[in-house]
Undergrad: 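Got a structure for you, questions after.
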Amino acid sequence: MDSGNQSTVKMFFLSGFSQSLELQVCFFVLFLVLYFLTLSGNILIMASVCMDSRLHSPMYFLLGNLSVLDIFYSTVTIPKMLSNVITNSKAITFNQCMSQLFFLHMFGGTECFLLTLMAYDRYVAICNPLRYHTIMNHTFCWGMVASTWLAGFLHSFTQAFLTYQLPFCGPNTINHFFCDVHPLAVLACSDTSFIDMFIIANSGMISLVCFVILLMSYIGIINTVLKMNSTERRFKAFSTCASHLMVVTFFFGPCIYIYLRPPINYSADKLISVLYTVLTPLLNPIIYTFRNQEMKSALKKILRETVLRGLRNKNSN
């Protein structure tokens with residue numbers, strides 16, 4: 001890769017959240033706990049979807065893919081940040097930085113498309129239930145999920161490729177806790193007008209368009225829910241829609257704010273980025289599945305079988 005880039009900077013330094021050792025320790029404990037909960041919750045969902053035949057349906061297939069994405073997405077940023085605190089070093093090599101940027105946008109972009117697909121799935125299930133299994137068939141689901149991954153890859157490749165071409169020859173402290181396009185573009189020692197506009201047209205517009213499509217799906221769902229005769233069903237549907245909209249707003253809102261504007265670094269950007277890189281992967285399993293009766297039954301079954309298997313192994317020894 002070095003032959004394609006003329007940068008004299010071969011090492012960057014991530015500023016993180018604070019220079020205070022006490023605050024760094026507090027952030028370390030907080031993010032370690034959040035990361036552990038994110039991994040635990042999403043691994044449980046993946047295991048449930050794979051092991052329980054009752055969950056072999058389009059909705060849970062998409063939820064399983066979302067859990068895979070959330071694990072990868074949170075792993076791109078949090079472990080590096082934790083290791084920086086442990087080693088008391090905020091250094092990251094040029095190639096490591098580019099790799100982090102690539103995977104951040106690949107998993108983040110894929111999640112944008114997948115959340116939109118999941119909203120469409122719920123729209124078909126509620127607004128057109130008689131044709132749900134005809135529309136959301138096995139082939140369609142696999143094809144659409146593969147398309148989300150391909151779209152995420154293409155989005156990320158263009159972002160990383162253009163950022164890699166930028167020359168870095170001066171300051172090398174990134175005002176963030178991970179490598180991203182905006183903080184890196186600020187450090188480039190050349191005109192970044194083209195890449196600035198590309199970020200807005202690419203990342204910003206992808207976030208905005210996906211969010212608008214998602215909102216339109218939920219507007220259609222709410223319109224159908226209002227026509228239901230049962231007050232209990234209406235309340236349950238509204239409660240589910242509200243919780244889903246809350247978590248996708250935590251994801252899309254910060255993305256739209258960060259990427260649909262010129263590359264100006266604000267101190268608040270770090271905390272805003274936490275919403276979509278740390279908080280959303282944690283909330284997704286809670287909002288989408290742990291409130292779902294079928295998923296809770298599957299989780300109880302798996303945990304019960306695991307405990308019984310452990311007791312049998314202990315008694316046999």
Undergrad: Output yes when a side-chain donor or acceptor of Thr280 lies under 3.5 Å from a complementary backbone atom of Leu275, and no otherwise.
TA: yes
Undergrad: Side chain of Thr192, backbone of Ala188: donor and acceptor closer than 3.5 Å?
TA: no
Undergrad: Just do the ring-ring contact (aromatic ring centres under 6.0 Å, His included) check on Trp142 and Phe61 with the steps written out, would you?
TA: CA-CA 9 Å; Trp142 274 99; Phe61 172 69; 4.9 Å; yes
Undergrad: Start with the C-alpha gap between Leu184 and Leu166, add the side-chain angles, then the distance that decides, and say whether side chain to side chain contact (heavy atoms under 4.5 Å, CB included) holds.
TA: CA-CA 9 Å; Leu184 283 167; Leu166 293 175; 5.7 Å; no
Undergrad: Where do Tyr276 and Asp180 come nearest, in terms of heavy atoms and distance?
TA: OH-OD2, 4.1 Å
Undergrad: Can you tell me how far the CG atom of Leu104 sits from the OG atom of Ser99, to the nearest 0.5 Å?
TA: 12.0 Å
Undergrad: Linking I/L/V/M/F/W/Y whenever their side-chain heavy atoms sit closer than 4.5 Å, directly or via other members, would Met197 and Leu260 fall into one cluster?
TA: no
Undergrad: Do you reckon Ile221 sits in the same ILVMFWY cluster as Ile219, going by side-chain contacts under 4.5 Å, direct or chained?
TA: no
Undergrad: For Asn284 and Ser67, what are the C-alpha separation, side-chain angles and deciding distance, and is it a side chain to side chain contact (heavy atoms under 4.5 Å, CB included)?
TA: CA-CA 8 Å; Asn284 277 339; Ser67 291; over 6 Å; no
Undergrad: With rounding to the nearest 0.5 angstrom, report the CE to CG distance, Met106 to Leu150.
TA: 9.5 Å
Undergrad: State, with a plain yes or no, whether a side-chain heavy atom of Lys10 is found less than 4.5 Å away from one of Phe168.
TA: no
Undergrad: Without hydrogens or angle criteria, can the side chains of His176 and Ser15 be said to hold a donor-acceptor pair below 3.5 Å?
TA: no
Undergrad: How far apart are the closest heavy atoms of Thr38 and Val278, and which atoms are they?
TA: OG1-O, 4.3 Å
Undergrad: Do the non-hydrogen side-chain atoms of Trp149 and Leu69 ever get within less than 4.5 Å of each other?
TA: yes
Undergrad: Does any part of the side chain of Ile45, heavy atoms only, come nearer than 4.5 Å to the side chain of Pro285, both counted from C-beta?
TA: yes
Undergrad: Nearest 0.5 Å, please: how far is CG in Leu154 from OG in Ser156?
TA: 9.5 Å
Undergrad: Rounded to the nearest 0.5 Å, what separates atom OG in Ser217 from atom CD1 in Ile222?
TA: 11.0 Å
Undergrad: If every non-hydrogen atom of Cys97 is compared with every non-hydrogen atom of Ile174, which pair is closest and at what distance?
TA: SG-CD1, 3.8 Å
Undergrad: Taking the side chain as every heavy atom from C-beta outward, state whether Leu14 and Phe177 have any pair of such atoms under 4.5 Å apart.
TA: no
Undergrad: On a heavy-atom basis, which atom in Gly108 and which in Phe251 lie closest, and how many Å separate them?
TA: O-CZ, 3.7 Å
Undergrad: Got more than 12 heavy atoms from elsewhere within 6.0 Å of CZ, Phe161?
TA: no
Undergrad: Give a yes or no on whether the backbone of Gln96 and the side-chain of Thr93 come within a donor-acceptor separation of less than 3.5 Å.
TA: yes
Undergrad: If we ignore hydrogens and angles and just use 3.5 Å, is the side chain of Asn42 paired with the main-chain N or O of Asp70 as donor and acceptor?
TA: no
Undergrad: Do Phe103 and Phe72 come within less than 4.5 Å of each other through their side chains, counting heavy atoms only?
TA: no
Undergrad: How long is the gap from CG on Leu117 to CD on Glu111, to the nearest 0.5 Å?
TA: 12.5 Å
Undergrad: Using the side chain to side chain contact (heavy atoms under 4.5 Å, CB included) rule, take Leu245 and Leu215 through it: C-alpha gap first, then chi angles, then the decisive distance, then the call.
TA: CA-CA 8 Å; Leu245 282 173; Leu215 285 178; 3.8 Å; yes
Undergrad: Are the side chain of His105 and the backbone of Ala160 linked by a donor-acceptor contact shorter than 3.5 Å?
TA: no
Undergrad: Just by distance, no angles: are the side chains of Asp191 and Ser193 close enough, under 3.5 Å, to form a donor-acceptor pair?
TA: yes
Undergrad: Taking the two cysteines Cys255 and Cys112, do their sulfur (SG) atoms come closer than 2.5 angstrom to each other?
TA: no
Undergrad: Considering all heavy atoms of both residues, which atom of Gly64 and which atom of Met46 are nearest to each other, and what is their separation?
TA: O-CG, 4.1 Å
Undergrad: Distance from Cys169 atom SG to Asn172 atom CG, nearest 0.5 Å?
TA: 11.0 Å
Undergrad: Take atom CE of Met246 as the centre, draw a 6.0 Å sphere, and report whether it contains more than 12 heavy atoms from other residues, nucleotides or ligands.
TA: yes
Undergrad: Minimum heavy-atom separation for His182 and Tyr259, please, with both atom names.
TA: NE2-CA, 4.1 Å
Undergrad: Which is it for Phe31 and Phe17 under the ring-ring contact (aromatic ring centres under 6.0 Å, His included) test, yes or no, and what are the steps along the way?
TA: CA-CA 12 Å; Phe31 282 100; Phe17 289 101; 5.6 Å; yes
Undergrad: Are Phe140 and Phe113 linked, directly or through intermediate hydrophobic residues, by side-chain heavy-atom contacts shorter than 4.5 Å (ILVMFWY only)?
TA: no
Undergrad: Apply side chain to side chain contact (heavy atoms under 4.5 Å, CB included) to residues Arg122 and Met59 and explain how you reach the verdict.
TA: CA-CA 8 Å; Arg122 291 299 83 207; Met59 181 179 76; 3.3 Å; yes
Undergrad: Are Leu226 and Met216 joined in one hydrophobic group, where the rule is that I, L, V, M, F, W and Y side chains link up if heavy atoms are under 4.5 Å apart?
TA: yes
Undergrad: Is it the case that over 12 heavy atoms from other parts of the model lie below 6.0 angstrom from the NE2 atom of His138?
TA: no
Undergrad: Check for me whether the distance between the ring centres of Phe102 and Phe107 falls short of 6.0 Å.
TA: no
Undergrad: Checking ring-ring contact (aromatic ring centres under 6.0 Å, His included) for the pair Phe252/Phe211: CA distance, chi angles, key distance, verdict?
TA: CA-CA 6 Å; Phe252 284 103; Phe211 188 53; 5.6 Å; yes
Undergrad: Can you check whether Cys179's main-chain N or O pairs, donor with acceptor, with Gln100's side chain at less than 3.5 Å?
TA: yes
Undergrad: Less than 4.5 Å apart, side chain to side chain, heavy atoms only: is that true for Tyr35 and Pro79?
TA: yes
Undergrad: Does Tyr123 have more than 12 heavy atoms from other residues, nucleotides or ligands lying within 6.0 Å of its OH?
TA: no
Undergrad: Is the closest side-chain heavy-atom distance between Phe178 and Ile78 below 4.5 Å?
TA: no
Undergrad: Do Met98 and Met11 share a hydrophobic cluster, counting only Ile, Leu, Val, Met, Phe, Trp and Tyr and linking them when any side-chain heavy atoms are less than 4.5 Å apart?
TA: no
Undergrad: So, do Val85 and Phe27 sit near enough that their side-chain heavy atoms are less than 4.5 Å apart?
TA: no
Undergrad: Going by an N to O cut-off under 4.0 Å, is there a salt bridge joining Asp269 and Arg261?
TA: yes
Undergrad: Side chains of residues 199-210: which donor-acceptor pairs under 3.5 Å do they make with residues two or more places apart or in other chains?
TA:
residue, atom, partner, partner atom, Å
Asn202, OD1, His155, ND1, 2.8
Asn202, ND2, Thr158, OG1, 3.2
Ser203, OG, Gln159, NE2, 2.5
Ser207, OG, Ser203, O, 2.9

